[in-house]
Visitor: 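There's a structure below that I have some questions on.
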Amino acid sequence: MGTQQEKNAAKFSKTTLFYAMQPIKAHQHHYLPDESATNALGGALARALAPGLVIYLHGDLGAGKTALTRALLRALGHTGTVKSPTYTLSEPYNVMLDDNPLSVIHYDLYRMSSPEEFLDAGFREDFDGHNVCIVEWPEKGEPVLPPPDIRLLLSVSGNGRAVELQALSELGLLCLDRLAFLPPPQ
């Protein structure tokens, strides 16, 4: 019958209008010149989410991983504090997506000393096909971390940030195809 993630992808594709004549955007590059551009990308990602998505965030310290996650959560209606879960390793947020409740769980694995810590903490159970899981420093959880649907690479570029989005699954492809983000003119 398929995994919950495959079922979500099938449901997502049936309920979403796709432009049959346009290719699916499996790989995107953008330049974010400032915080407002980062907020705009976070908002666009929030509108394109589907339950069950796993998003890996790659980038050096200060590249904007937490800022982008904060913008995404704010766009989903979260009004409280959004902090980096560097010391707690994970922070769950209950939000609404298309009038349905959704749990978004933000992980920061920077302080993990081994992948076994991820398993010992019981985090793998959160990747259940219902929650959206956003993972900073995913390389610290390999090879036990579930694979991503979207890999997002952030890097400092001049005064702004360069961002690359890669879809790595059917659900990731559908999300990036829905992504309506127009970067600011340069």
Side-chain angles (χ1 to χ4, degrees), residues 1-16 38-39 41-59 64-112 115 117-142 144-152 154 165-181:
M1 184 123 225
T3 66
Q4 183 64 42
Q5 209 166 11
E6 290 166 341
K7 291 175 189 173
N8 286 344
K11 179 181 175 188
F12 191 57
S13 65
K14 289 178 186 171
T15 60
T16 304
T38 299
N39 291 341
L41 178 58
L45 278 169
R47 291 184 296 277
L49 288 181
L53 266 172
V54 175
I55 302 171
Y56 283 7
L57 300 179
H58 293 275
K65 299 179 297 292
T66 299
L68 183 63
T69 302
R70 182 178 299 116
L72 182 148
L73 287 164
R74 294 257 185 265
L76 289 170
H78 179 73
T79 57
T81 302
V82 177
K83 58 185 178 178
S84 177
T86 303
Y87 294 98
T88 59
L89 300 180
S90 77
E91 288 289 334
Y93 299 91
N94 295 314
V95 294
M96 299 296 283
L97 178 66
D98 299 327
D99 296 322
N100 294 307
L102 176 71
S103 290
V104 176
I105 306 170
H106 180 201
Y107 298 89
D108 184 336
L109 306 183
Y110 182 75
R111 296 179 51 83
M112 277 187 14
E117 285 184 55
F118 180 84
L119 294 174
D120 292 344
F123 292 146
R124 192 168 173 91
E125 295 169 13
D126 294 336
F127 293 73
D128 62 1
H130 300 287
N131 301 321
V132 170
C133 297
I134 301 172
V135 184
E136 295 186 34
W137 301 98
E139 57 276 10
K140 298 278 195 157
E142 293 173 346
V144 301
L145 189 64
D149 298 296
I150 297 174
R151 179 177 295 131
L152 202 144
L154 287 156
L165 297 104
Q166 302 169 346
L168 302 171
S169 72
E170 183 179 349
L171 192 57
L173 283 170
L174 294 171
C175 179
L176 287 193
D177 192 52
R178 282 178 42 132
L179 185 65
F181 174 68

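For clarity, every value in this text was computed on a predicted model and none was experimentally measured.
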Visitor: Decide side chain to side chain contact (heavy atoms under 4.5 Å, CB included) for I150 and L176; before the verdict, give the C-alpha distance in whole Å, the side-chain angles of both, and the deciding distance to 0.1 Å.
Guide: CA-CA 8 Å; I150 297 174; L176 287 193; 4.2 Å; yes
Visitor: Between P138 and L57, which heavy-atom pair has the shortest distance, and what is it?
Guide: CD-O, 3.4 Å
Visitor: Is there a side-chain contact between K65 and W137 in this structure, where contact means two heavy atoms from C-beta onward sitting under 4.5 Å apart?
Guide: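 The answer is yes, as the side chains (C-beta and beyond) meet within the 4.5 Å cut-off.
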Visitor: Side-chain contact test, heavy atoms from C-beta onward, threshold under 4.5 Å: evaluate it for I55 versus V135 and give yes or no.
Guide: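 No, too far: nothing below the 4.5 Å cut-off.
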Visitor: For the CG atom of L72 and the CG atom of L68, what is their distance to the nearest 0.5 Å?
Guide: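 Output value for this atom pair is 7.0 Å.
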Visitor: Tell me every residue that passes ring-ring contact (aromatic ring centres under 6.0 Å, His included) with Y93, counting only those two or more places apart in sequence or in another chain.
Guide: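 Once residues adjacent in sequence are excluded, the partners of Y93 under the ring-ring contact (aromatic ring centres under 6.0 Å, His included) criterion are H78.
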Visitor: Using side-chain heavy atoms (C-beta onward) and a distance below 4.5 Å, is M112 in contact with Y110?
Guide: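 With C-beta onward as the side chain, the pair stays apart.
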Visitor: Is it true that a side-chain atom of K140 and a backbone atom of R111 form a donor plus acceptor pair closer than 3.5 Å?
Guide: no
Visitor: What pairs with L97 under side chain to side chain contact (heavy atoms under 4.5 Å, CB included), at least two apart in sequence or on another chain?
Guide: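 Checked L97 against side chain to side chain contact (heavy atoms under 4.5 Å, CB included); matches are L49, P51, L76, L102.
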Visitor: Is there a donor-acceptor contact under 3.5 Å from the side chain of R178 to the main chain of L174?
Guide: no
Visitor: Take H58 and L152 through the side chain to side chain contact (heavy atoms under 4.5 Å, CB included) test and state the conclusion after the steps.
Guide: CA-CA 6 Å; H58 293 275; L152 202 144; over 6 Å; no
Visitor: Using modelled atom types and a 3.5 Å cut-off, is there a donor and acceptor pairing between side-chain atoms of D149 and backbone atoms of V54?
Guide: yes
Visitor: Closest approach of A46 and A75, non-hydrogen atoms and distance?
Guide: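 Heavy atoms of A46 and A75 come nearest at CB-CB, 3.7 Å.
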Visitor: Once you round to the nearest 0.5 Å, how far does CG of L168 lie from CD of Q166?
Guide: 6.0 Å
Visitor: Yes or no on side chain to side chain contact (heavy atoms under 4.5 Å, CB included) for L89 and F118, after CA distance, side-chain angles and deciding distance?
Guide: CA-CA 9 Å; L89 300 180; F118 180 84; over 6 Å; no
Visitor: Can you confirm whether S90 sits close enough to H106 that some side-chain heavy atom of one is under 4.5 Å from a side-chain heavy atom of the other?
Guide: no
Visitor: To check you understand the geometry: which heavy-atom pair defines the closest contact between R74 and V82, and what is its length?
Guide: NH1-CG2, 4.1 Å
Visitor: Mind checking the CG-NZ spacing from D108 to K83? Nearest 0.5 Å is all I need.
Guide: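 These two atoms lie 12.0 Å from each other.
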Visitor: I need the minimum non-hydrogen distance between A50 and V132, along with the two atoms involved.
Guide: O-CG2, 3.6 Å
Visitor: Would a 4.5 Å heavy-atom cut-off, applied to side chains only, mark S103 and H130 as touching?
Guide: no
Visitor: Atom CG of L73 and atom CD1 of I134: how far apart are they, to the nearest 0.5 Å?
Guide: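 One finds 6.0 Å between CG of L73 and CD1 of I134.
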Visitor: Determine whether a donor-acceptor pair (N or O, by modelled atom type, separation under 3.5 Å) exists between the side chain of D128 and the backbone of N131.
Guide: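 Flag set: sc D128 to bb N131 pair under 3.5 Å.
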Visitor: So which atom in C175 and which in L53 form the shortest heavy-atom distance, rounded to 0.1 Å?
Guide: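 Scanning both residues, the minimum pair turns out to be SG-CD1, 3.7 Å.
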Visitor: Report yes or no: does R151 contribute a side-chain atom to a donor-acceptor pair with the main-chain N or O of A167 at less than 3.5 Å?
Guide: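 Flag not set: sc R151 to bb A167 has no pair under 3.5 Å.
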Visitor: For P115 and G141, which heavy atoms make the closest approach, and how far apart are they?
Guide: CB-O, 3.9 Å
Visitor: In this structure, is the centre-to-centre distance between the rings of F127 and Y107 below 6.0 Å?
Guide: yes
Visitor: Can any side-chain N or O of D126 pair as donor or acceptor with the backbone N or O of R124 at less than 3.5 Å?
Guide: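 Checked: no pair found.
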